Every structure is written in C-alpha cells, then in structure tokens.
Amino acid sequence: MQRVYINKISDFVDKDVTIKGWLYNIRSSGKLMFPEIRDGSGIIQGVVAKSTVPESVWEDFSKLTQESSIIVKGKVSKHPKKENVFELQINDLEIISLAEPYPITPKEHGVEFLMDRRHLWLRTPRQVAILRIRNEIIQSIRDYMYINGFILFDAPIFTPNACEGTTTLFATEYFDLGKAYLSQSGQLYAEAGALALGKVYTLGPTFRAENSMTRKHITEFWMMEPEMAYYDIDDNMDLIEDFLEYVVSRVLKNCAVELQTLGRDVSKLEKVKKPFPRITYDEAVEILRKKDIPLIRKTESGEEQIRPFPWGEDFGAPHEEAIVEDFEKPVMVHRWPAEAKSFYMKRDPKNPDIALGVDVLAPEGFGEIIGGSQREDSLAELEKRIKEHKLPFDDFQWYLDLRRFGSVPHSGFGLGIERMVTWICNLEHIREAIPFPRRPNRIKP
RNA sequence: UCGACAGUAGCUCAAUGGUGGAGCAUUCGGCUGUUAACCGAAGGGUUGCAGGUUCAAGUCCUGCCUGUCGAGCCA
C-alpha cells in the first residue's frame with residue numbers, strides 16, 4: 001500500500017494509503033474515535049469505527065497517548081461536512097512507540113514553559129508552519145541569488161576583531177593566537193569576494209553579545225549579505241526592492257497553507273510590489289517633525305523630550321513606526337547622518353556629513369529588516385576613518401588592500417533572516433522564527 | 001544595563017488581610033460524526049526563596065532569584 005504525505009492527500013481520494021506519523025490528538029465518541037495524525041507535512045483526521053475494525057485495532061487506539069508514533073492504513077475520503085478537507089477511514093494501526101505522558105497539550109501554555117520544551121514545541125502546527133515558511137524564504141533567497149548571477153561566498157565565523165567595532169562580541173580562546181571573536185557580520189569578507197567574483201552573497205549565522213531583551217533581538221541569528229562591485233547606493237536599492245518582491249511572492253505562491261495556519265492577512269503581503277518608497281533621512285526627519293514625534297533622551301532625573309526632532313539623531317522604535325505607518329510597503333530610508341553610521345560607509349560626494357547608507361523598514365511596524373550602504377572605496381578616506389574610530393589598524397590591512405588594488409565603487413546590504421520570518425509570518429516575537437533561539441537568558445535546549 | 005509588571009496544582013488562571021478554588025491534563029466510567037469534543041467521578045498544593053509587620057499573610061513591607069514587557073544597541 002502506498003505511503004503518502006498528508007499535504008498530498010487530496011491526490012488519493014478513495015484510494016487506500018499508508019500514513020506514517022504521530023498522534024496529535026484524539027477524540028472519542030463511544031464506538032467512534034477521531035484520531036488526529038500529523039506527519040510533518042500536515043494533519044489529517046482519522047475515523048475509527050468499532051464496528052468495522054478488528055478488536056485489536058480498536059483496543060490499540062484506546063491506549064494511544066499523544067505523540068505516540070504510529071503507522072495507519074485506510075481509505076482517503078472527503079469530509080462529510082467540510083469542503084476541501086479529507087479524512088482517513090482507518091482499518092489498521094501499528095504502534096511504533098507508545099509515548100510517555102506528553103507535556104504540551106493542545107491547550108494554552110506560557111512562553112517559558114514552551115521554550116523549556118522547544119524541542120517538542122516544534123511539533124505543533126503553528127511552529128511547523130513557521131519553519132516551513134522559513135525554509136521557503138531561505139530557498140527563495142538562494143534561488144534569487146543564483147538566477148541573478150550572485151556567487152555564494154561563505155565568510156568565516158572566527159574573526160580576529162570586531163567587524164564594525166561597535167557591538168559587543170563573543171570571545172573565545174584561539175590556540176596560541178590569543179582571542180578570536182564570533183563574527184557579527186560577513187560583510188568585510190564579502191567585499192573581498194565582490195572584488196574577486198563581481199557579485200557575491202554570504203548566508204550564515206552571526207553573533208551579537210548585546211544584552212538585548214526585546215522581541216526583535218536574538219544573540220545568534222542568520223544573515224544574508226550580498227555585496228556587488230560597481231554598484232552605487234541607488235543600484236543597491238534597486239536590488240533590495242526587486243529581491244524583497246521576489247521572496248515575498250515566492251512565499252505567497254508556495255506557502256498558502258502555512259500562511260493560513262498562522263492566520264496571516266496575505267492581502268498585506270500582496271501589496272509588497274515594486275517600487276518601494278525611498279525617502280532620505282532629511283525627509284524622514286520632516287515626517288517626524290510634522291507628526292510632532294520628539295526625541296526622547298535619558299537624563300539623571302528621568303527623561304526629556306526634545307522637539308522638534310533634531311537632525312543627526314538615530315531613530316528609535318516610535319520614530320520607525322511613525323515613518324512607516326503611512327506606507328503599505330517596505331520603506332527605504334537612505335542618506336543618513338554620517339555620525340550615526342559605521343566607519344565603512346561612503347560619504348555623499350555632495351555632502352560629507354551624509355553617509356550613503358540605507359535602512360529598510362518592514363511594513364506593519366516590524367521595524368528594520370535590512371541595513372545596507374555603498375562602501376568607502378578611497379584608501380585615504382578609509383584609513384582616516386579607521387583611525388578616527390580607533391580600530392586596530394593592523395587587523396584592517398587586508399581590508400585596506402581592497403582599496404589599494406583595483407578599488408571600485410561597491411555596495412551591499414545585510415538581511416536579518418529571522419526578522420524577515422517574523423514579518424512574513426506576523427509573529428509577536430522573533431524567538432519563534434528560528435528552531436532554537438539563543439537569547440541572553442537562554443542557551444538550552 | 002535601566003524601568004514597569006509578574007511568580008498559587010503537571011498546564012492556564014481565580015481567591016476583600018480571615019478554612020487555597022476552577023478549566024484543561026492524568027486515572028476510571030458514559031456516549032456512532034467529534035473539532036482545544038462533551039457528561040459524571042477520583043487523585044493532585046511547603047502559594048519562587050529568605051526575613052519582617054500582624055491575633056491572623058497567597059494577599060502588606062524589605063532583600064534575593066526567575067520570567068515577561070518596554071528602553072538603548074542593531075539584522
């Protein structure tokens with residue numbers, strides 16, 4: 001008898017099939033039982049009638065516990081009441097392993113309880129849907145990059161120094177060479193790749209040791225960083241919107257069932273079409289001033305509100321929300337005050353106080369999902385900047401070599417995979433966007 | 001790191017300073033179309049830890065621990 005997966009069950013109506021999976025839940029009604037069986041691809045309701053199955057099968061079903069692994073055989077039928085829903089009229093059961101009492105019931109649970117059992121929580125329909133969408137996002141990223149001539153360029157995880165010199169890094173002993181740090185970005189290495197291969201991208205884990213306890217931060221997250229030679233900041237933004245449109249459309253096309261499981265309002269995602277709004281930092285500040293959103297600065301006695309919003313300050317959560325709320329697409333904020341941005345960003349030739357950076361803010365208040373820029377390609381400027389930021393000059397010699405030997409205008413950006421998943425899936429918290437999230441107060445399971 | 005809030009049965013939550021309860025889960029019984037099924041019964045507690053106020057503390061006070069949310073940092 002053919003073994004089938006539940007998400008393909010509609011192809012087998014009136015056929016006898018085998019399903020290999022686990023018992024998700026079971027309801028009984030005297031001489032009838034309704035086991036819900038999951039196999040990783042979906043859930044199907046089985047029907048077991050005492051009058052039509054052997055007594056041993058009926059007894060075996062009676063003793064089944066939640067999450068017991070089972071193989072069932074039966075005929076696929078249409079649900080008597082529901083459209084496009086299928087059932088399995090079960091006539092045989094093989095118990096592979098009878099599960100011990102299962103801690104995660106179909107009822108409500110708290111976050112801590114579930115996170116302590118993340119390895120089991122992953123089996124629930126909601127988590128399965130999220131991880132399937134994560135898979136589609138990453139696969140579509142790889143496909144987009146491959147189709148468009150980008151070369152996968154894996155950056156190292158052990159690095160000798162801070163890439164951007166700002167955030168706190170995880171340190172570890174590295175043989176006789178002193179401290180090594182876990183990478184917070186593959187960008188600098190991707191720049192070397194871009195000058196070798198033209199267009200490259202990295203896709204791998206990155207690490208930030210900041211004690212950030214918010215719904216948008218994890219300490220270990222996956223980042224995709226394309227880097228392109230002969231791209232300026234505007235080429236970079238062209239790529240960002242084309243890329244984001246592709247990924248979102250792929251999820252809409254291939255993950256309709258999963259989005260429905262999550263209750264996602266897909267009409268919001270369907271609006272993610274080119275072109276996206278591009279506003280300069282100056283224009284964003286104008287929006288904040290018009291809406292009278294102040295800068296909030298901490299003082300010894302508490303906090304003070306500064307209005308109008310002063311030019312040169314970075315945006316916080318309330319500012320991002322105010323900027324995004326009038327748009328239904330990702331918003332690209334570009335050309336930032338250089339003071340607020342990293343050392344490697346190229347200055348605007350028309351205004352040295354401006355850095356050619358771009359932040360992409362997801363709609364619906366999900367915040368920053370992409371940070372990118374045109375990179376500084378002048379050796380003298382970059383040397384000056386590294387000294388100003390008091391970065392270890394020797395460690396950056398190889399990076400400066402990229403400006404010594406055939407420097408070109410080049411650009412790139414970093415996309416936070418989990419933030420993308422959080423947005424697409426409309427999650428409350430980033431911790432659901434990765435199988436085993438790492439946060440400052442959690443390393444297990 | 002700072003601020004706010006919370007911690008009571010395996011889980012989710014109630015309980016005016018005055019004898020700690022319910023739903024679910026578990027066990028047993030009932031039910032031939034259930035949908036987080038339902039109905040009946042049973043078992044299940046050092047109220048996060050330490051101290052204090054009080055005739056009396058789950059409840060008020062202090063400290064600690066743990067967690068959640070927010071801020072900063074950013075993807």
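Numbers restart at 1 for each chain; the letters A, B, ... are given by sequence-line order, proteins then strands. Keep in mind that what you see is a predicted model, and the values were worked out from it rather than measured.
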Inset, instruction - Go through B:G33, B:U1, B:U12 for me and flag the one nearest to the A:E108 side chain. - result: B:U12

Inset, instruction - Verify the neighbour count for atom CD of A:E428: are there more than 12 heavy atoms of other residues, nucleotides or ligands below 6.0 Å? - result: no

Inset, instruction - Under 4.0 Å between any heavy atoms, over every strand shown, what does A:G110 touch: base, sugar-phosphate, or nothing? Just pick one. - result: sugar-phosphate

Legend entry - Partner nucleotide of B:C49 by Watson-Crick or wobble geometry (both distances under 3.5 Å): B:G63

Inset, instruction - Evaluate whether atom NZ of A:K78 has more than 12 neighbouring non-hydrogen atoms of other residues, nucleotides or ligands under 6.0 angstrom away. - result: no

Legend entry - Nearest to side-chain heavy atoms of A:H109, which nucleotide of B:G33, B:C11, B:U68: B:C11

Legend entry - All salt bridge (Lys or Arg N to Asp or Glu O under 4.0 Å) counterparts of A:D232, not counting sequence neighbours: none

Inset, instruction - Using the C1' atom on both, measure B:U19 against B:A57 and round to a whole Å. - result: 14 Å

Inset, instruction - Please check if the distance between the ring centroids of A:F315 and A:F309 is under 6.0 Å. - result: yes

Legend entry - Separation between the C1' atoms of B:C55 and B:U68, rounded to whole Å: 38 Å

Inset, instruction - Report the base-pairing partner of B:C31 (Watson-Crick or G-U wobble, both distances below 3.5 angstrom), or none. - result: none

Legend entry - Span that lies between the C1' atom of B:A25 and that of B:G44, in whole angstrom: 11 Å

Inset, instruction - Give a yes or no on whether a donor-acceptor pair under 3.5 Å exists between the nucleobase atoms of B:U66, that is its base, and the side chain of A:E112. - result: no

Inset, instruction - Measure the distance from CD1 on A:I417 to C1' on B:C74 and round it to the nearest whole Å. - result: 16 Å

Inset, instruction - Kindly say whether, by distance alone, the side chain of A:H429 makes a donor-acceptor pair under 3.5 Å with the base of B:U68? - result: no

Inset, instruction - Find the distance A:E418:CD to B:C74:P and express it as a whole number of Å. - result: 19 Å

Inset, instruction - Measure the OG-CD1 distance between A:S68 and A:I37 for me, rounded to the nearest 0.5 Å. - result: 11.5 Å

Legend entry - Gap between atoms CG and C1', on A:L88 and B:U34 respectively (whole Å): 16 Å

Legend entry - Donor + acceptor pair across side chains of A:S411, A:N236 (<3.5 Å): no

Inset, instruction - Determine, for nucleotides 23-32 of chain B in 5'-to-3' order, which nucleotides have protein heavy atoms under 4.0 Å from the base (write B), from only the sugar-phosphate (write S), or from neither (write -). - result: -SS-----BB

Inset, instruction - For B:U47 and B:A9, measure between their C1' atoms and round to the nearest Å. - result: 10 Å

Inset, instruction - Could you let me know what B:C69 is paired to, Watson-Crick or G-U wobble, both distances under 3.5 Å, or none if it's on its own? - result: B:G3

Inset, instruction - Kindly indicate whether the side chain of A:S212 and the base of B:C74 share any N or O donor-acceptor pair separated by less than 3.5 Å? - result: no

Inset, instruction - Give one of base, sugar-phosphate or nothing for A:R431, where a contact means two heavy atoms less than 4.0 Å apart. - result: sugar-phosphate

Legend entry - Minimum-distance nucleotide (side-chain atoms of A:R215 versus B:U35, B:C11, B:G70): B:G70

Inset, instruction - With RNA chain B as reference, determine whether A:M223 or A:G316 sits nearer its 5' end, using the nearest nucleotide of each. - result: A:G316

Inset, instruction - To the nearest Å, give me how far apart CG (A:L169) and C1' (B:C73) are. - result: 13 Å

Inset, instruction - Assign A:I369 to base, sugar-phosphate, or nothing according to its heavy-atom contacts below 4.0 angstrom with the strands shown. - result: sugar-phosphate

Inset, instruction - Give the nucleotide from the list B:A37, B:U68, B:U34 with an atom nearest to the side chain of A:R439. - result: B:U68

Legend entry - Base paired to B:C24 (Watson-Crick or G-U; both N/O distances under 3.5 angstrom): B:G10

Inset, instruction - Write down the distance separating the P atoms in B:U46 and B:U8, rounded off to the nearest Å. - result: 13 Å

Legend entry - Beyond-backbone contact of A:F207 with A:I157, side-chain heavy atoms, under 4.5 angstrom: yes

Legend entry - Atom P, compared across B:G58 and B:U53: separation rounded to whole Å: 16 Å

Legend entry - N/O (side chain, A:N25) to phosphate O (OP1/OP2, B:U34) under 4.0 Å: no

Inset, instruction - Verify the contact: side-chain N or O of A:N441 to OP1 or OP2 of B:U68, cut-off strictly under 4.0 Å; return yes or no. - result: yes

Inset, instruction - Let me know, please, whether A:K216 or A:A317 comes out on the 5' side of the other along RNA chain B by nearest nucleotide. - result: A:A317

Legend entry - Distance-only donor-acceptor check, side chains A:D282 and A:T280, under 3.5 Å: no

Inset, instruction - Quick one: label A:I104 by what it contacts on the DNA or RNA (base, sugar-phosphate, nothing), any heavy atom closer than 4.0 Å. - result: nothing

Legend entry - Nearest-Å distance once atom P is located in both B:G21 and B:A42: 14 Å

Inset, instruction - Determine which nucleotide pairs with B:A37, using a 3.5 Å limit on both distances of a Watson-Crick or G-U wobble pair. - result: none

Legend entry - Rounded interatomic separation in angstrom, taking NZ from A:K444 and P from B:G67: 12 Å

Inset, instruction - Can you tell me the distance, in whole Å, between the CZ atom of A:R208 and the C1' atom of B:U1? - result: 19 Å

Legend entry - Proximity to the side chain of A:R27 - top-ranked nucleotide from B:G67, B:U35, B:A75: B:U35

Legend entry - Whole-Å distance separating the CZ atom of A:F315 from the C1' atom of B:A71: 18 Å

Inset, instruction - Nearest whole angstrom, please: distance from the P of B:A75 to the CG of A:L244. - result: 15 Å

Distance-only check: which donor-acceptor pairs under 3.5 Å involve side-chain atoms of residues 91-107 of chain A, not counting sequence neighbours?
from: A:Y102; atom 1: OH; to: A:L120; atom 2: O; distance (Å): 3.2
from: A:T105; atom 1: OG1; to: A:K107; atom 2: N; distance (Å): 3.3
from: A:T105; atom 1: OG1; to: A:H109; atom 2: NE2; distance (Å): 3.2

Legend entry - Any donor-acceptor N or O pair under 3.5 Å, side chains A:Q127, A:R118: yes

Inset, instruction - Choose from B:A37, B:A75, B:G33 the nucleotide whose nearest atom is closest to any side-chain atom of A:F34. - result: B:G33

Legend entry - Any-strand Watson-Crick or G-U partner of B:G58, both distances under 3.5 Å: none

Legend entry - Ring centres under 6.0 angstrom apart (A:F413, A:Y231): no

Legend entry - Nearest-angstrom distance, C1' atom, B:G33 to B:A75: 49 Å

Inset, instruction - Side chain of A:Q89 only, please: which of B:G10, B:G33, B:C74 is the nearest? - result: B:G33

